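Heads up, the thing below is written out as structure tokens.
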Amino acid sequence: MATLISQNAVVKDKVKKIKRKALDESLQLDVAQEMENSKDLDVEKPKKKKKELKENKQAEIEQEMEMKKLENALFGSLHPVEFGKDIDETEDSALFFTDRSANSVLSVYEEDAKIVNIDEHIQRKPVWVDEEEEKTNINIAKINRLRKIRKEEDETVITGSEYVSRLRAQHIKLNPSTEWARKDKTYNSDDDSDQENGDVDSILQTTEDLVVKDGSKLLPGLLEYSRLVDANAQDPSSGPINSVQFHRNGQLLLTGGLDKKLRFFQIDGKRNTKIQTIFVDDCPIRKAAFTPDGSQVIVSGRRKFFYSFDLVKAKMDKIGPLVGRDEKSLETFEISPDSNTIAFVGNEGYILLVSSKTKELIGTLKMNGTARALAFVDGGRQLMSTGGDGHIYHWDLRTMTCLHKGVDEGCITGTALSSSPVGNIFAAGSDSGIVNVYNRDEFLGGNRKPIKTIENLTTKVDFMKFNSDAQILAVCSSMKKNSMKLIHIPSFTVFSNWPPSNRALQFPRCLDFSPGGGMMAMGNADGHVLLYKLNHYQHA
């Protein structure tokens with residue numbers, strides 16, 4: 001028994017060893033096979049990558065082509081296609097068209113499809129693509145107005161994208177492109193009629209004004225203006241406004257009145273911001289004015305002295321009384337255009353000439369009657385004056401002599417004078433409300449007949465002012481409500497729509513035009529400075 005057991009054990013051991021060898025050999029074969037397979041995979045991987053890149057590029061190209069097709073179907077091409085040429089309308093099939101939205105750029109009618117020629121390389125990409133178009137189905141047989149876009153008579157339902165392409169083709173069919181709008185259209189120079197058509201087309205191809213307006217000529221009749229925010233809206237005066245004037249820059253405005261305050265405003269027509277207020281303790285302001293060079297402001301009242309405010313140094317200086325003079329009021333004055341001389345109206349017909357630099361009296365002029373109004377002419381070399389004797393005097397300031405004296409026609413007492421900044425026209429107003437407009441050369445030559453007599457005012461003329469180009473003359477009287485007129489100088493007619501019908505002017509007392517003519521400021525007895533924009537003028 002023992003021997004049998006031992007023999008069986010030996011046989012079992014041999015069997016186990018044989019099995020282990022077989023397993024080891026199979027494992028070695030598997031590892032070797034895997035190594036070979038991995039080598040094959042390594043060789044195949046770059047091939048697959050190249051194939052994938054090519055497929056991706058091709059997919060991108062196809063997608064871009066689809067996007068271009070959809071864009072052309074929705075928005076049309078960059079170059080409009082001409083439809084409606086060389087079409088035979090004898091066949092009934094013209095009522096239908098071939099849908100080529102899947103293979104071509106644009107679906108058109110069968111006859112029109114022959115002339116479609118669009119370069120796909122210059123098409124713009126759509127901003128967005130509506131994905132719902134493919135999912136939407138539309139019954140074109142149910143609605144009467146959509147039956148015309150059917151391909152076949154029994155066709156009922158189509159997709160959304162096909163519906164869009166058919167509608168666009170139908171629109172182009174009914175609205176062909178206009179030939180005159182094409183930039184590349186050429187004309188035969190030998191044909192005069194074609195040349196004329198070309199001239200007309202060149203006009204139609206532009207959006208510029210066909211009639212160029214002359215910005216320098218103001219037409220009579222109606223004055224185009226608009227009311228803006230009051231110039232002193234941020235700080236109205238508690239008393240009547242006696243002076244308003246624009247600075248030479250057109251943006252700064254001064255106001256002065258009986259409340260003894262000199263105010264400066266930044267004028268923009270919207271906010272009109274207040275810059276500064278100066279209180280003059282001992283002088284209710286009767287007149288305040290910039291010097292033409294814009295460096296200082298002269299302020300005066302019914303006092304024997306006046307004030308000079310330096311804009312650069314922001315300093316107020318009190319000047320006077322003038323040496324050798326006993327005038328108790330220097331409320332009326334004018335400044336020469338060269339800013340060198342200030343002329344004050346004195347007592348008993350005297351005119352006081354003061355240097356604007358030294359503020360000293362440099363000379364006097366004497367009229368026969370009382371002096372009421374002054375105006376500089378000829379660039380400051382001459383001075384005009386009028387007053388109680390109804391005459392107009394011309395003075396030469398270089399020789400301090402009277403050049404000419406003439407009667408103002410129909411005037412008993414002269415109350416206002418104004419000379420135009422351009423040309424030789426001047427206006428003279430009287431206490432009866434009559435305004436005479438003269439040519440200065442003719443007046444000095446002996447012809448004392450006025451060019452025009454304006455009789456629209458019925459009370460004393462207190463103030464007159466020409467605008468910058470002498471096309472408008474403003475005249476006003478402070479003794480009557482809304483007693484202000486604007487005269488068109490070239491035609492010497494009054495603007496019929498001024499003053500405004502709402503009677504907003506109240507009692508006008510002073511007025512000024514901006515240097516560019518675009519704005520007009522008017523001060524009244526209520527302490528307000530009304531601001532208007534004159535639409536004819538482009539600049540303030």
Side-chain angles (χ1 to χ4, degrees), residues 243-254 256 287-300 306-313 315-317 319-320 322 325 330-346 350-367 371 373-386 392-404 416-428 438-441 443-444 463-470 473 510 512-517:
S243 288
V244 294
Q245 188 179 8
F246 283 92
H247 191 267
R248 59 183 296 180
N249 62 14
Q251 299 178 355
L252 185 64
L253 177 76
L254 70 78
K287 185 170 183 179
F290 289 107
T291 56
D293 59 7
S295 61
Q296 54 184 324
V297 178
I298 305 299
V299 181
S300 68
F306 65 95
Y307 286 91
S308 174
F309 179 68
D310 193 321
L311 293 175
V312 178
K313 299 179 181 178
K315 181 182 179 182
M316 181 75 81
D317 294 325
I319 296 104
L322 298 177
R325 304 302 304 178
L330 299 174
E331 60 184 281
T332 303
F333 67 89
E334 291 293 334
I335 305 174
S336 63
D338 56 7
S339 302
N340 292 330
T341 307
I342 307 171
F344 288 93
V345 171
Y350 278 94
I351 301 171
L352 312 179
L353 303 178
V354 178
S355 172
S356 61
K357 295 181 179 179
T358 63
K359 307 300 187 296
E360 294 180 354
L361 186 66
I362 58 176
T364 59
L365 304 172
K366 178 68 170 69
M367 291 173 54
L374 306 171
F376 281 94
V377 292
D378 195 18
R381 291 184 291 270
Q382 295 183 16
L383 177 69
M384 291 191 306
S385 64
T386 188
I392 299 175
Y393 294 76
H394 278 75
W395 306 90
D396 188 345
L397 298 184
R398 292 169 292 186
T399 60
M400 295 293 180
T401 58
C402 181
L403 293 175
H404 182 269
L417 277 176
S418 180
S419 62
S420 63
V422 293
N424 291 322
I425 296 175
F426 72 92
Y438 295 94
N439 184 299
R440 194 167 65 89
D441 293 337
F443 189 81
L444 293 176
F463 189 85
M464 296 191 300
K465 180 75 175 181
F466 284 92
N467 73 333
S468 59
D469 60 358
L473 171 64
C510 53
D512 192 34
F513 296 95
S514 61

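No experiment lies behind these values; they were computed from the predicted model shown.
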Calculate, to the nearest 0.5 Å, the distance between atoms [atom1] and [atom2] belonging to [X] and [Y] respectively.
| X | Y | atom1 | atom2 | result |
| --- | --- | --- | --- | --- |
| His404 | Asp396 | NE2 | CG | 14.0 Å |
| Cys510 | Lys465 | SG | NZ | 11.5 Å |
| Ile298 | Ile342 | CD1 | CD1 | 4.0 Å |
| Leu365 | Ser385 | CG | OG | 7.5 Å |

**Message:** Using only atom types and a distance under 3.5 Å, with no angle test, would you say the side chain of Ser300 pairs donor to acceptor with the backbone of Leu330?
**Reply:** yes

**Prompt:** Counting N and O atoms only, with roles assigned by atom type, does the side chain of Ser419 sit under 3.5 Å from a partner on the main chain of Ala375, one being a donor and the other an acceptor?
**Reply:**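 No, the answer is negative, given that no donor and acceptor are paired below the 3.5 Å cut-off.
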
**Prompt:** So His247 and Phe290, would you call those rings parallel, tilted or perpendicular, with 30° and 60° as cut-offs?
**Reply:**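 The arrangement is perpendicular - the two ring planes meet at more than 60°.
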
Taking side-chain contact (heavy atoms from CB on, under 4.5 Å) as the test, write out the residues that go with [X], two or more places apart.
| X | result |
| --- | --- |
| Asn439 | Asn424, Asp441, Glu442, Ile451 |
| Gln382 | Val377, Asp378, His394, Leu403, Arg440 |
| Phe246 | Leu253, Ile267, Asp512, Ser514, Pro515, Met519, Ala521, Leu531 |
| Ser355 | Lys357, Thr358, Ile362 |

Taking every non-hydrogen atom, the tightest pair across [X] and [Y]:
| X | Y | value |
| --- | --- | --- |
| Ala416 | Ala373 | CA-CB, 3.7 Å |
| Ala428 | Ile392 | CB-CD1, 3.8 Å |
| Leu311 | Gly294 | CD1-O, 3.2 Å |
| Thr341 | Ser356 | N-OG, 4.1 Å |
| Pro421 | Phe466 | CD-CB, 3.8 Å |
| Leu353 | Leu361 | O-CD1, 3.3 Å |

**Prompt:** Do Phe306 and Phe344 make the cut of ring centroids closer than 6.0 angstrom?
**Reply:** yes

Quick one: list whatever passes ring-ring contact (aromatic ring centres under 6.0 Å, His included) with [X], sequence neighbours left out.
| X | value |
| --- | --- |
| Tyr307 | Phe305 |
| Phe376 | none |
| Phe513 | none |
| Tyr393 | Trp395 |

Qualifying residues under side-chain hydrogen bond (donor to acceptor under 3.5 Å, both in side chains), relative to [X], sequence neighbours excluded:
| X | value |
| --- | --- |
| Asp338 | Ser336, Asn340 |
| Ser295 | Asp293 |
| Lys359 | Gln296 |
| Lys287 | Glu334 |

**Request:** Check the pair Val345, Leu374 against side chain to side chain contact (heavy atoms under 4.5 Å, CB included), reporting the backbone distance first and the verdict last.
**Result:** CA-CA 8 Å; Val345 171; Leu374 306 171; 3.7 Å; yes

**Within-4.5 Å side-chain heavy-atom neighbours: Asp310 and Asp317** =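 Answer no - side chains too far apart.
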
